[in-house]
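Report on one structure; see the data block that follows.
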Number of protein chains: 2
Amino acid sequence: MVDIATRVHNHKWKIDPIVRSLIDTDFYKLLMCQSIFRNRPDTQVTFSLINRSTHVPLADLVDEGELREQLDHIRSLSLSRGESTWLRGNTFYGKRQMFTSEFMEWFEALRLPPYHLERVGDQYELTFEGSWPEVMLWEIPALAVLMELRSRAVLNKMRKFELQVLYARAMTKLWEKVERLRDVPGLRVADFGTRRRHSFLWQDWCVQAMTEGLGQKFVGTSNCLIAKNRDVAAIGTNAHELPMVYAALADSDAELARAPYDVLSDWHEEHDGNLRIILPDTYGTEGFLKNAPDWLAGWTGMRIDSGDPATGAERAINWWKSRGEDPTEKLIIFSDGLDVDKIASLQAQFSGRARVSFGWGTLLTNDFRGLTPDDALAPFSLVCKAVSANGRPTVKLSDNPRKAMGPEAEIARYKRVFGVGKQEALEVVV
Amino acid sequence: MVDIATRVHNHKWKIDPIVRSLIDTDFYKLLMCQSIFRNRPDTQVTFSLINRSTHVPLADLVDEGELREQLDHIRSLSLSRGESTWLRGNTFYGKRQMFTSEFMEWFEALRLPPYHLERVGDQYELTFEGSWPEVMLWEIPALAVLMELRSRAVLNKMRKFELQVLYARAMTKLWEKVERLRDVPGLRVADFGTRRRHSFLWQDWCVQAMTEGLGQKFVGTSNCLIAKNRDVAAIGTNAHELPMVYAALADSDAELARAPYDVLSDWHEEHDGNLRIILPDTYGTEGFLKNAPDWLAGWTGMRIDSGDPATGAERAINWWKSRGEDPTEKLIIFSDGLDVDKIASLQAQFSGRARVSFGWGTLLTNDFRGLTPDDALAPFSLVCKAVSANGRPTVKLSDNPRKAMGPEAEIARYKRVFGVGKQEALEVVV
């Protein structure tokens, strides 16, 4: 029996919206948003889309009209009652509310600010300007929309049967990864793949596969909407945008040198436990740890997001030891360019020497490599970053110079201020 | 939107019938049925189910009540108007009707005769007795029901997500086979997998995969219902049951020796072109060809269904040459235990030396090997054969002694009459 009503209803859709909820975003964006809302609400920022994979001609693949429709749809979204209830219900270990009433009232009234879109060559220039807490919420939906429109551009040329085989293959591929991870003793892994996912439905399926296949080894997803719908934990802490904007706002080299610690000082007041995770690499991990105040050594853990991950973890363990801390009680979160081999070897190397956890991103939710003849669905490296704050350019150095960004003169200044020397360049896969 | 009507309707089903049509059977059964209906309609036969894979305890796996429900359902089936129209419309190269009006009238009135089912140890004894043209139509549905009930017994223990991954893997596995076959030059392959399929829906999917993936290289299916529904050609000619029953009916050794040729003489009168395919191995190919009348050498081709296939094909080519025929105009159909490797190598070996075609069976429609942890869905070797005719036992020798059947004394007599010497035993995979 055909449900005629459903079929007729489906054909009334003007578009098939990619992002259908303001909480279809990473949990840490909301935590950071609240911190910004409290500490730096009036900062004016510009976020900008950057396609590091210039061989992918986004503007040729994705129709500008469709892109505008998707972005306009996101601007029409507001928090639903159920979403608000879910956010308000999030607690620290069942005790204190994670989001304050002041923040929730502001968020409930929020619509995302305008965007600026222009075609430049075979790429899009997509920028967002305005107050920091509003503009920063564009990052994840903007990335997710572009990634999925690119997927759709490829999928539109495929026939019904090819599509079925494509997803059968993708499911098989992912399930083989899940089965390999199942055999990794003591594993704790979360989905960090929202921003560069193949599509929303695929990420949703990946989370179900991890839940079914890994049981307690799957600790949650960074995606709030999926966490809410699939009844799993929402996972995340903080990211580079905080030190990048704080640094850009610094009025002197001395203030600049202090900026990354000011960020964590603000965070320290608001959060404890598993949310106290150091992200040390924005301006070079080595200098950051050497100059870190003693109270930071008491934090729960550290996230390794660039450079060689094993080197980063060894450095973290040595640093904790040098500050009189017991590394076996500390949490190391690996989150850069992970796939099953790397996860298994890092777990083997550091299990027992620290608590270890993995934030698995693009190669969880978008590993369509090898599934189409011309590899047209392979993931690529798209980011959306704060590029200026109150009119000043932002800078990121990272532990991998290929992930650095900012004007050359400013990069040189930051390197001097933060005492960053020679860095090893590593390929950025995704 | 849930279609409440569909959902309520689904829950009204007493059973989920496996065989839902009398033409969910192999095309050659209907061709043979018509020949029997014309030439030997009053022969009384017994068909019996034989599980060659005794390690599969069918009676432990499959509930007797469910089996009876499925068999009873098949007995309630009759030819629908559309099915009758499709059969009546089948023509030889667009000219003469393939099924006569007399046969169609008889078939339209047919219901399958009773069955006898008994549990013996961990196996079922399932037999069918009555007039040959009626009883012989039980073969394929009986096998398909038992194969699918065994699949269901395994699938019933799996959760929704496991099922989704299982079929994703099976689809991926089959599609990889299709992609390999796509690269085999000049390939012509048909689906012969009805009798030992994983399930009806899976066979139906396999046919769609072959259609989509192989285009003109996929020449059709032996399954009439799927041929009708999916608009592809129905493929098939004749099988061992004809010589086996004719032989059992022979009153003397001389008549016995002539029986296999009597079969083909009757067939010769009814069919021409691609339906004139010799199946030479029932009582040993070597003797059969040596003693064959000259008019048989004029037939279109030969089906190689036991023994080493390359040896069989070489023997066929040499025989045609010795009878003054041009082998490059002859059709060799391989149909025994095929999978992609064997298909590709046989095609490479015989392409250009004869017209080559493949009837791909169990490893097309039931290759679930390796897809469950304990391999509980691996195909097994179930057959349903004529075991007696007018009270006399039937015998099959085959070119592989492991496929032989019949009482020992009769096998010895047949070997003597047909001059069968030493045979090479080959493993029967499926």
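Only a predicted model underlies this, so the values are computations on that prediction, with no experimental measurement involved. Order of the sequence lines sets the chain letters (A, B, ...), proteins ahead of strands, with each chain counted from 1.
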- When only pairs under 4.5 Å are counted, which of B:Ala209, B:Gly213, B:Ala5 shares the most heavy-atom pairs with chain A? B:Ala209
For chain B against chain A, print all donor and acceptor atom pairs separated by less than 3.5 Å.
| residue | atom | partner | partner atom | Å |
| --- | --- | --- | --- | --- |
| B:Arg159 | NH2 | A:Glu212 | OE2 | 3.3 |
| B:Gln164 | OE1 | A:Trp205 | NE1 | 2.8 |
| B:Ala168 | O | A:Thr172 | OG1 | 3.2 |
| B:Arg169 | N | A:Thr172 | OG1 | 3.4 |
| B:Arg169 | NH2 | A:Glu179 | OE1 | 2.4 |
| B:Arg169 | NH2 | A:Glu179 | OE2 | 3.4 |
| B:Thr172 | OG1 | A:Ala168 | O | 3.2 |
| B:Thr172 | OG1 | A:Arg169 | N | 3.4 |
| B:Thr172 | OG1 | A:Thr172 | OG1 | 3.0 |
| B:Glu179 | OE1 | A:Arg169 | NH2 | 2.4 |
| B:Glu179 | OE2 | A:Arg169 | NH2 | 3.3 |
| B:Trp205 | NE1 | A:Gln164 | OE1 | 2.8 |
| B:Glu212 | OE2 | A:Arg159 | NH2 | 3.2 |

- Message: I'd like to know whether CD1 of B:Ile15 has more than 12 heavy-atom contacts from other residues, nucleotides or ligands below 6.0 angstrom.
- Response: yes
